Amino acid sequence: MTESWVNSAQRIGADLHLELSGPGGRRAALTRALREAVRSGRLAPGTRLPPYRSLAADLGVARNTVADAYAELVAEGWLTARQGSGTQVADRAEPLCRAERTPAKTPPRARGPRHDLRQGTPDASAFPRAAWSACYRRALGAAPNEAFGPGDPAGRRELREALTGYLARARGVRTEPDRIVVCSGFAHALRLLFGQGAGGVLRGPLGVEAYGLEFHRGLLATAGVRTVPLPLDEDGARVDLLERERAVLLTPAHQFPTGGPLHPERRAGVIDWARARGAVVLEDDYDGEFRYDRRPVGALQGLDPERVIHLGSVSKSLSPALRLGWMVLPERYVEPVLAAKGEREAWASVLDQLALAEFIVSGAYDRHVRRMRQRYRRRRDRLVAALAVHAPQVAVTGIAAGLHAVLRLPPGTERSTLKAAAWQGVALDGLAAFRHPEAEATAGDGLVVGYAAAAEHAYGAALEALCGVLPPG
């Protein structure tokens with residue numbers, strides 16, 4: 001039976017991304033990659049290839065580049081093209097037999113899931129390549145000579161000034177450039193703040209939300225920091241239960257992963273606690289740009305800049321590949337953090353910092369965020385609509401903001417649903433994976449479904465596969 005690109009050849013798309021190299025430009029590289037995929041049998045006879053527009057968008061090339069590559073392979077007999085049937089691998093394009101294949105020099109990489117609905121990753125195909133390239137070129141041309149020497153551990157002044165204005169305007173953060181330290185992301189910020197043993201800027205015990213990323217808890221445990229889970233309810237973390245903790249880590253604008261903001265009374269309450277105890281609040285503003293059905297929730301830092309460390313990055317808004325983040329620090333922590341970081345910038349590329357500064361100042365960052373907010377809202381709406389039709393028994397929560405939704409499942413069905421999803425090639429997470437080992441399972445059974453990572457042309461098939469594995473009502 002004829003295979004479809006969504007169900008089978010979507011996996012080849014990742015290989016094409018990796019193989020677009022060599023002489024002759026992108027058209028020649030794409031032609032070689034497609035020809036080799038057919039020759040090796042990775043694109044089987046009869047496989048339908050995606051339309052020009054879809055493949056061009058996924059690979060970040062012009063539509064004419066894809067059209068020319070297809071036309072050349074049709075002329076060579078590798079592909080066939082018929083009106084109304086699209087472009088397919090020719091039936092006579094048989095792969096090489098096993099004996100004729102060139103032995104691989106390195107073990108093949110494991111293929112990704114057929115349908116990617118994991119949380120935490122933006123749409124990679126939507127990275128603003130043209131705008132970023134333009135900003136990079138302008139920043140590179142305007143960079144002073146000293147920018148090409150050892151980097152300032154605080155980060156480039158241009159970026160810290162740009163962030164000061166942007167965070168004040170978009171997130172209500174009150175700061176100045178000298179109180180911002182650039183880092184390579186949230187995990188790097190935690191390592192700088194807590195270090196190893198007694199040498200860190202901050203020390204435990206640290207209050208954390210009962211549900212959060214296990215990776216962050218593991219990083220803190222490695223640093224010798226004891227974490228104390230705070231129960232969650234409809235108003236967010238129970239900050240009223242904080243006692244002897246020296247700091248607390250929260251996601252107040254959009255609790256991860258259950259969704260929902262920290263209630264205003266609790267926002268004020270945690271600031272009062274920090275003042276009374278001489279403690280500090282770590283604010284993880286991981287997806288502060290993406291709000292859909294409510295007014296934006298300003299940063300907690302705005303209530304007391306001397307009691308809150310505001311942590312952000314571009315990993316959700318642009319790409320985790322850029323490895324750029326920031327810490328907005330109370331004045332007393334600036335020098336200790338810089339001392340922990342060292343005399344030179346060892347993590348965040350100075351040139352990427354300059355490009356991001358230009359990206360923000362030029363308005364390109366705002367335009368990109370607005371465009372992605374619309375795209376992700378449409379995807380969220382498609383998810384909700386598909387569930388309403390195919391799985392009305394499943395409640396959806398946490399959808400007013402962010403890049404993921406929580407699907408509430410009947411008690412005792414989370415593990416079996418995850419197994420069924422894995423069998424069907426659907427990658428997603430269960431709520432249990434985010435629970436602190438010392439916390440009670442108050443959130444119940446559920447799935448954390450990311451609606452950003454899947455390619456646009458594959459999203460419909462991913463939703464169909466998801467609905468097919470959900471437990472009946």
Side-chain angles (χ1 to χ4, degrees), residues 154-155 160 163-183 185-194 200-209 212-213 216 220 225 227-228 230 232 235-256 260-289 291 296-313 325-338 340 401:
R160 290 185 283 123
L163 286 170
T164 298
Y166 173 78
L167 293 174
R169 170 171 50 82
R171 304 295 299 124
V173 170
R174 295 189 289 151
T175 191
E176 55 192 30
D178 290 339
R179 291 170 62 165
I180 295 177
V181 174
V182 175
C183 56
F186 183 80
H188 185 209
L190 284 185
R191 290 187 175 98
L192 290 172
L193 290 170
F194 289 96
V201 176
L202 301 177
R203 298 168 67 183
L206 173 69
V208 297
E209 294 160 332
L213 278 177
H216 294 159
L220 291 164
V225 178
T227 55
V228 180
L230 298 174
L232 296 170
D235 292 329
R238 290 286 307 277
V239 294
D240 56 304
L241 298 180
L242 287 166
E243 294 180 351
R244 299 182 180 276
E245 292 79 9
R246 298 181 181 182
V248 61
L249 171 60
L250 301 172
T251 51
H254 184 224
Q255 201 287 319
F256 180 86
L262 188 65
H263 191 278
E265 290 184 4
R266 294 187 181 177
R267 289 165 64 92
V270 75
I271 296 296
D272 292 341
W273 166 82
R275 290 171 177 169
R277 297 282 304 175
V280 65
V281 181
L282 279 65
E283 177 180 28
D284 180 3
D285 198 42
Y286 69 99
D287 65 353
E289 296 87 354
R291 297 290 178 271
V297 178
L300 185 65
Q301 188 267 3
L303 296 180
D304 192 336
E306 292 302 323
R307 291 297 170 190
V308 180
I309 297 176
H310 182 84
L311 306 171
S313 78
W326 50 85
M327 294 178 277
V328 181
L329 298 164
E331 185 175 5
R332 66 187 182 280
Y333 291 128
V334 174
E335 288 305 321
V337 167
L338 290 178

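Worth saying up front: this structure is predicted, and the values here are computed from it rather than measured.
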Handout entry: Flag side-chain contact, heavy atom, 4.5 Å: Glu243 against Glu245
Key = yes

Problem - CG on Leu282 to CZ on Phe194, rounded to 0.5 Å - result: 5.5 Å

Problem - Between CG on residue Leu242 and CG on residue Leu230, distance to nearest 0.5 Å - result: 5.0 Å

Problem - Ile309 and Tyr333, any side-chain heavy atoms less than 4.5 Å apart - result: yes

Handout entry: Any pair counted as side chain to side chain donor-acceptor pair (under 3.5 Å), so long as it reaches residues 279-288, sequence neighbours left out
Key = Arg171-Asp285, His254-Tyr286, His254-Asp287, Glu283-His310

Problem - Sub-4.5 Å side-chain heavy-atom contact between Leu192 and Met327 - result: yes

Problem - Residue pair Leu338 / Val181, side-chain heavy-atom distance below 4.5 Å - result: yes

Handout entry: Side chains of Glu209 and Leu250 in contact at under 4.5 Å (non-hydrogen atoms)
Key = yes

Exercise for the section: May I ask you to test the Arg332-Glu306 pair for a side-chain heavy-atom distance under 4.5 Å? Expected result: yes

Exercise for the section: Using ring pair (Phe, Tyr, Trp, His ring centres under 6.0 Å) as the criterion, list what pairs up with Tyr166, not counting sequence neighbours. Expected result: Tyr365

Exercise for the section: Return the set of residues passing salt bridge (charged side-chain N to carboxylate O under 4.0 Å, His left out) with Asp178 (not counting sequence neighbours), or none when no residue passes. Expected result: Arg157, Arg160

Fill in the blank from the handout: Taken to the nearest 0.5 Å, the spacing of Cys183 SG from Trp326 CH2 works out to 9.0 Å

Problem - Side chain Arg307, main chain Val270, donor-acceptor under 3.5 Å - result: no

Fill in the blank from the handout: Heavy atoms of Pro205 and Val228 approach each other most closely as CB-CG2, 4.2 Å

